[in-house]
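Computed from a prediction, not measured in an experiment: that's the story for all the values here. Counting convention: from 1, in listed order, for ligands and their atoms alike.
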Amino acid sequence: MPFQSTLQCFSLQSFPDHYRQGCELWERALESQKLPFTRLDFTLSPQDNLLCQTGWIGNLDAEAVLVVIGGTHGIEGFTGTAVQVDWMQMVANGLIALPDHTAMLMINALNPWGYANNRRCDDQGIDVNRNFIDFSQPLPINPGYEELQPLLGIRDRDARAKAIDGYCLRVGQRPYEIAFSGGQFNDPAGPFYGGQRPGFSRGVIESLIRHYSLANRYLAVVDVHTGLGPYGYGEVICDHPLGTDGLMTAIEWFGPGCGLPSTGKSSSVPKLGLLDYAWHQVMGPKSCFVTLEFGTMGTAALFDTLLDEASAWSSSECASSHSKAVVAEQMKAHFYPKDNHWREAVIFRARQVLHQALVGVS
Ligand SMILES: [Zn+2]
């Protein structure tokens, strides 16, 4: 049966099949704007034409800004592009009105290498969303990860699963998730590696904050992710510390369903080096940063997929090109389900959350 959407003005064409197409769709949506816009690209690799595209839509002097970020985790950028393209089309068609004093900053493919290579990390193996630590201080230690690391390296899938299950049973599910995904700085080939220095994507964010003097404006930042949480549901996750203005603002704008990792009320757990922290530092009152996380196949599948991926990319040259192609498909199946109903649910929820953010910040 052909797919029929229940949503108005919804097109599956907003969902790209590959990085290059994602860039073209995004560019077309930006250029269709009736409001003035400014394009600013950041090139990672000129020979591969890998770039992060950004567009400022509306008044350059706007006191409030809705910022939408996609592709922090490379492969999750497919959905990030679709959400931005759909939203920009809504604005261009007049279905969403941008108040005079409010602008939008769209950031597509923040980690272009990961996006183009179906990976979550960047070209240095860095998880961009663990890279925002103070590198002038000693690197943070994740003791749970150090204990887990030898188990994660077990090549045989069944033996590895058994060893990890044993660890999880011993320490409990939440400490296990913090150990695994909370961020680590000592295993460059492992998942959730925060790096030894600021990476390309961090540089992009810091440049944009300076270039547009974002510290002097009201901000609503929505960073689009996929792969964690219940299938098809978009959880708004807030990592502002308890008792802060940012957290109160997030609850005011997005409601009581806001996920709070610090209290255990979220599909996510507290993490080191989040992109959030760069924005928290420059935010004044009536501003907040949230992650919009679209669930797919669940946490166990996420961890398995990332371990298979890390193993394929660290294996010897001759075996690797085949296994890299296999894990690329596995990665896409986990982070970007080819299911029209999942994609429709993403757009429905993204419109809702971006509208809440826009109304809140304006
Ligand atoms: Zn992510």
> Looking at residues at least two apart in the chain, or sitting in another chain, which of them share a salt bridge (Lys or Arg N to Asp or Glu O under 4.0 Å) with Glu24?
Replying inline: none
> Residues two or more places apart in sequence or in another chain: which of them pass salt bridge (Lys or Arg N to Asp or Glu O under 4.0 Å) with Arg39?
Replying inline: Glu27, Asp41
> Under 2.8 Å from the Zn ion (ligand 1), which protein N/O/S atoms are there?
Replying inline: His73 ND1, Glu76 OE1, Glu76 OE2, His225 ND1
> Regarding Arg343 and the six-membered ring of Tyr336, is the cationic atom NZ or CZ under 6.0 Å from the ring centre and inside 45° of its axis?
Replying inline: yes
> Do Gln196 and Leu139 touch side chain to side chain, with heavy atoms closer than 4.5 Å?
Replying inline: yes
> When rounded to the nearest 0.5 angstrom, what distance separates CG in Leu169 from OH in Tyr176?
Replying inline: 11.0 Å
>> Suppose the criterion is salt bridge (Lys or Arg N to Asp or Glu O under 4.0 Å): which pairs have a residue in residues 240-259, not counting sequence neighbours?
In response: Glu252-Lys286
